[in-house]
Q: 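Can you keep this structure in mind? I'll have questions shortly.
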Amino acid sequence: MPHPARRRAGPLPFITCVCRYNTQFDFCTPAGNATVIDNPQYKDRMARLEKWRLAGIDPYGRRVDGLISTEQARALHSPNLEDTPHDGGPQARVAGRITLLRDIGKLIFMTIADSSGRLQIGVAKQILGEKFTTAKLLELGDIAWFSGKIGHTKTGEITLWADDFGLATKALLPPPEKFHGLSDTETRYRQRYLDLMANPQSMEIFLARSQIVRDMRDFLHARNFMEVETPMMQSLAGGAAARPFTTHHHALDTDLYLRISPELFLKRLLVGGIERVFEINRNFRNEGIDTRHNPEFTMLELYEAYSDLAGMMELTQTLVAQLAKKRAETLHAKQPPPTPGASGLPQIHLPYGERVIDFTPPFIKKTYAELLWQSAQVDLLDPASIKAGAARHGLENARQADTDVLAGELFERLAEPALAALDQPVFVVDYPAGLCPLTRRNPQQPQLAERFELYVAGMELANAYTELNDPLVQEATFGNQLAGLKEEDSMARMDQDFVEALRYGMPPAGGLGIGIDRLVMLLTNCTSIRDVVLFPQLKPRS
RNA sequence: GAGAUCGUAGCUCAGCUGGUAGAGCAACAGACUUUUAAUCUGUGGGUCCUGGGUUCGAGCCCCAGCGAUCUCACCA
């Protein structure tokens with residue numbers, strides 16, 4: 001089986017060899033990396049590495065059996081200190097990175113960190129015997145395992161008294177400063193591993209993110225949704241309005257786009273008979289980067305046959321409130337809630353930046369028209385009023401542009417800031433139809449579409465609608481878009497295959513998208529998306 | 001795209017009106033059997049982001065560039 005050629009990025013020189021699959025692999029040597037060579041502590045640690053080798057120990061060890069987490073080890077100690085002897089309760093074996101080291105002669109206290117937390121290790125010459133000399137070689141940043149009895153010190157710190165240990169991995173570069181951690185934002189993002197090892201708060205955010213996504217999947221599976229994966233490389237980037245990234249497939253000699261939305265493929269699955277379907281995965285949009293936008297971001301998108309906007313609203317509210325409740329309980333286990341429940345009803349409060357968001361359902365519901373009227377004194381259903389409002393507020397394209405587009409601009413400029421001031425999630429409903437080419441229109445008021453967006457702290461968190469399943473209307477809408485918009489706006493590209501799928505019949509359905517990164521931001525009190533994306537996109541270092 | 005702020009030791013940060021580059025942690029040498037950011041004694045460590053300019057003299061002032069953060073703009 002042929003292997004794809006792999007190349008490691010970076011400024012290092014490459015040595016190319018031919019492996020037995022007759023495929024070229026590149027390996028980089030550390031020799032060319034000036035920043036490493038110039039670091040004097042690197043040389044000191046290289047010397048230490050040799051000492052391990054001279055002691056007959058491979059500084060890059062192998063598998064370690066019988067490990068428990070530091071959290072489990074800690075739990076082996078009885079809650080009452082006196083019930084476990086200070087110098088020896090149950091036997092345990094733990095492993096982790098050495099984050100603190102206090103050498104006081106014939107006794108060394110180390111603090112090791114694993115993904116569950118931290119634990120103090122007592123390394124005493126009296127207990128460890130001859131191996132103590134080797135243990136003295138351990139330094140900050142090394143990864144090691146320790147066996148011993150769980151006890152405590154006279155100050156009450158739960159401690160594993162090591163009777164055996166091993167070096168798992170030697171660290172050749174020093175870890176970040178032990179007390180202040182790593183605060184340089186650029187290094188935190190570019191070398192996230194340093195952030196994770198030095199800043200427990202950062203680790204906690206990504207653990208929380210993982211838990212949130214997992215709970216979301218559980219929630220959807222409980223409602224009989226089926227998870228799927230649809231193409232990320234599409235020959236037409238549809239389902240949203242955004243500039244796509246372009247790439248090229250050599251064998252097919254064809255340009256492809258990274259998807260900006262999975263929508264049109266998920267709806268094809270509705271046609272195929274998958275009645276409840278969801279996907280949690282990346283979308284890619286070639287647009288600006290700021291505290292709320294990363295070029296690749298994770299979306300939950302789901303479709304439910306025989307449902308509609310109201311169904312999506314119930315699902316969204318239940319899901320978001322449930323996730324927020326769990327998060328609040330986690331936080332409140334550590335510290336009391338920011339505000340006490342006022343009315344005796346269960347309250348779900350989470351801190352966000354300077355304020356506290358109340359996720360207690362039901363969420364507020366406001367119509368697009370009423371928000372537009374309050375903020376811009378414009379009547380959504382009166383084109384003349386919109387035109388006048390656009391002119392009044394100095395929109396450049398007030399004369400020629402479509403009134404729904406103008407209303408959308410006024411809404412973003414004037415109504416969204418007002419939404420940002422609210423400390424509760426808000427459903428904005430009844431969007432102008434011209435802004436919703438994939439949405440079913442309101443039968444009573446055809447100018448409006450059956451769509452909502454959920455705003456929290458001024459962020460668009462969710463977007464949902466009653467799906468348009470009439471192929472004739474869909475084709476006409478695509479056609480109108482095609483006529484009116486620029487080439488680079490991908491909604492303007494007619495997806496004939498999708499329209500054909502609709503002709504076979506797509507059940508009436510509700511559809512929903514939730515921005516996972518933004519949801520995690522809200523639930524973990526992060527005001528920048530870069531703090532909830534492990535490796536956010538930054539400019540390459542020159 | 002515009003503005004503001006920032007870039008100094010491995011890390012966290014000082015640096016006065018422009019006058020020989022500083023601290024803590026980390027490192028190195030040593031002491032220490034209950035520490036908790038251990039402590040104590042001693043030592044070494046710098047492309048002050050890069051390139052120009054002004055000046056007798058620039059970490060500091062000026063210009064340009066690179067990178068970052070935030071705000072605004074763009075983004076249905």
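Here the structure is a predicted model, which means the values were calculated and not measured. Residue numbers begin at 1 in each chain, while the letters A, B, ... track the order of the sequences.
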Q: Below 4.0 angstrom from OP1 or OP2 of B:C75, is there any side-chain N or O of A:R292?
A: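 It does not, given that no N or O in the side chain of A:R292 lies less than 4.0 Å from OP1 or OP2 of B:C75.
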Q: With heavy atoms under 4.0 Å as the rule, sort A:G122 into base, sugar-phosphate or nothing.
A: nothing
Q: Quote, to the nearest angstrom, the P distance that separates B:A38 from B:A26.
A: 7 Å
Q: Taking CZ from A:R413 and P from B:C75, how many angstroms apart are they, rounded to a whole number?
A: 10 Å
Q: On a whole-Å scale, what distance lies between the C1' atoms belonging to B:G24 and B:G19?
A: 27 Å
Q: Using the ring of A:F535 (Phe, Tyr or Trp, six-membered ring only), decide whether A:R192 places NZ or CZ under 6.0 Å from its centre and within 45 degrees of its axis.
A: no
Q: When rounded to the nearest Å, what value does the distance between P atoms of B:G51 and B:C56 take?
A: 23 Å
Q: With sugar-phosphate meaning primed atoms plus P, OP1 and OP2, does A:T111 contact a base, only sugar-phosphate, or nothing at under 4.0 Å between heavy atoms?
A: nothing
Q: Return no unless some side-chain N or O of A:K154 is found under 4.0 Å from OP1 or OP2 of B:U34.
A: no
Q: Let's test your reading of the model: under 3.5 Å, does the base of B:U35 pair with the side chain of A:T153 as donor and acceptor?
A: yes
Q: Has the side chain of A:E177 got a donor or acceptor that lies under 3.5 Å from a partner of the other kind on the base of B:A26?
A: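 No such pair is found, so the answer is no.
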Q: If pairing requires Watson-Crick or G-U wobble contacts with both distances under 3.5 Å, which nucleotide is the partner of B:U35?
A: none
Q: Starting at CG of A:D103 and ending at C1' of B:A26, how long is that distance when rounded to a whole Å?
A: 15 Å
Q: Using the side-chain heavy atoms of A:L182, tell me which of these nucleotides is nearest: B:A68, B:A38, B:U12.
A: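 Nearest nucleotide to the side chain: B:U12.
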Q: Pick the nucleotide of RNA chain B nearest each of A:K539 and A:F179; which residue has the one closer to the 5' end?
A: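 Nearest nucleotide further toward 5': that of A:F179.
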Q: Roughly how far apart, to the nearest Å, are B:U8 and B:C16 at atom P?
A: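 Here B:U8 and B:C16 have their P atoms 16 Å from each other.
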Q: Indicate, with a heavy-atom threshold strictly under 4.0 Å, whether A:D184 touches base, sugar-phosphate, or nothing.
A: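 The residue A:D184 makes sugar-phosphate contact but no base contact.
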Q: Does the ring centre of A:F411 sit less than 6.0 Å away from the ring centre of A:Y368?
A: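 Yes, ring centres under 6.0 Å apart.
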Q: Just checking A:L100: base, sugar-phosphate only, or nothing, at a heavy-atom cut-off of under 4.0 Å?
A: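 Answer is sugar-phosphate: A:L100 comes under 4.0 Å of backbone atoms only.
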Q: Are A:D142 and A:R97 ion-paired here, with the side-chain N under 4.0 Å from a carboxylate O?
A: no
Q: So A:K154 and A:H86, do their side chains get closer than 4.5 Å, heavy atoms only?
A: no
Q: Sticking with atom P, work out how far B:G3 lies from B:G65, rounded to a whole angstrom.
A: 11 Å
Q: Look through every strand shown and name the nucleotide pairing with B:A14 as Watson-Crick or G-U wobble, where both distances are under 3.5 Å.
A: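 None - no nucleotide pairs with B:A14, as no candidate has both distances under 3.5 Å.
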Q: Using whole Å, report how far CD1 of A:I121 lies from P of B:U35.
A: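 That distance rounds to 17 Å.
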Q: Any side-chain N or O of A:R48 under 4.0 Å from OP1/OP2 of B:C28?
A: yes
Q: Using whole Å, what does the distance between atom P of nucleotide B:U34 and atom CD1 of A:I127 come to?
A: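 Rounding to the nearest Å, CD1 of A:I127 and P of B:U34 are 13 Å apart.
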Q: Establish, yes or no, whether the cationic atom of A:K106 lies under 6.0 Å from the six-membered ring centre of A:F132 and within 45° of the ring axis.
A: no
Q: Looking only at atom types and distance, does a side-chain atom of A:D83 sit under 3.5 Å from a main-chain N or O of A:S78, one as donor and one as acceptor?
A: no
Q: Which value, in whole Å, describes the distance between the C1' atoms of nucleotides B:C61 and B:U55?
A: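 That atom pair is separated by 10 Å.
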Q: Can you check whether any acceptor in the base of B:U35 is under 3.5 Å from a donor in the side chain of A:E157, or vice versa?
A: no
Q: As a test of understanding, state which of A:E157, A:H152, A:R102, A:R74 forms a side chain to side chain donor-acceptor pair (under 3.5 Å) with A:Q120.
A: A:R102
Q: Say we look at B:A21 and B:G59: how far apart would their C1' atoms be, to the nearest angstrom?
A: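 These two C1' atoms come out 8 Å apart once rounded.
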Q: Rounded to the nearest angstrom, tell me the gap between atom NE2 in A:H152 and atom P in B:U35.
A: 13 Å
Q: Establish, with yes or no, whether the OP1 or OP2 oxygen of B:U69 is under 4.0 angstrom from a side-chain nitrogen or oxygen of A:T291.
A: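 False: A:T291 side-chain N/O out of range (4.0 Å or more) of B:U69 OP1/OP2.
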Q: In Watson-Crick or G-U wobble terms, both distances under 3.5 Å, what is the partner of B:G45?
A: none
Q: Tell me what A:Y189 touches on the nucleic acid: a base, only sugar-phosphate, or nothing, going by heavy atoms under 4.0 Å.
A: sugar-phosphate
Q: Could you state the NZ-C1' distance from A:K136 to B:A29, rounded to the nearest angstrom?
A: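 These atoms are roughly 13 Å apart.
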Q: Strictly below 4.0 Å: does A:S183 bring a side-chain N or O up to OP1 or OP2 of B:U12?
A: yes
Q: More 5' along RNA chain B: A:W161 or A:R451, using each one's nearest nucleotide?
A: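 Nearest-nucleotide comparison on RNA chain B picks A:W161.
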Q: Under 4.0 Å between a side-chain N/O of A:R530 and OP1 or OP2 of B:C70, yes or no?
A: yes
Q: What does B:C56 pair with, Watson-Crick or G-U, if both distances are under 3.5 Å?
A: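 B:G19 - that is the nucleotide pairing with B:C56, both distances being under 3.5 Å.
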Q: B:C48 and B:G18: how far apart are their C1' atoms, nearest whole angstrom?
A: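 15 Å, rounded to whole Å.
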Q: What is the distance from CZ of A:R102 to P of B:A31, rounded to the nearest Å?
A: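 In whole Å, B:A31 P lies 21 Å from A:R102 CZ.
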Q: Both distances under 3.5 Å, Watson-Crick or G-U wobble: report the partner of B:A68, or none.
A: B:U5
Q: When we call it a touch if two heavy atoms are under 4.0 Å apart, what does A:L538 touch: a base, just sugar-phosphate, or nothing?
A: sugar-phosphate
Q: Among A:R282, A:M299, A:R209, which residue meets the side chain to side chain contact (heavy atoms under 4.5 Å, CB included) test with A:I516?
A: A:R209
Q: Using a cut-off of strictly less than 4.0 Å, decide whether A:T187 has a side-chain nitrogen or oxygen near OP1 or OP2 of B:G10.
A: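 No, because none of the side-chain N or O atoms of A:T187 sits under 4.0 Å from OP1 or OP2 of B:G10.
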Q: Distance check needed: B:C25 P versus A:I98 CD1, whole Å only.
A: 20 Å
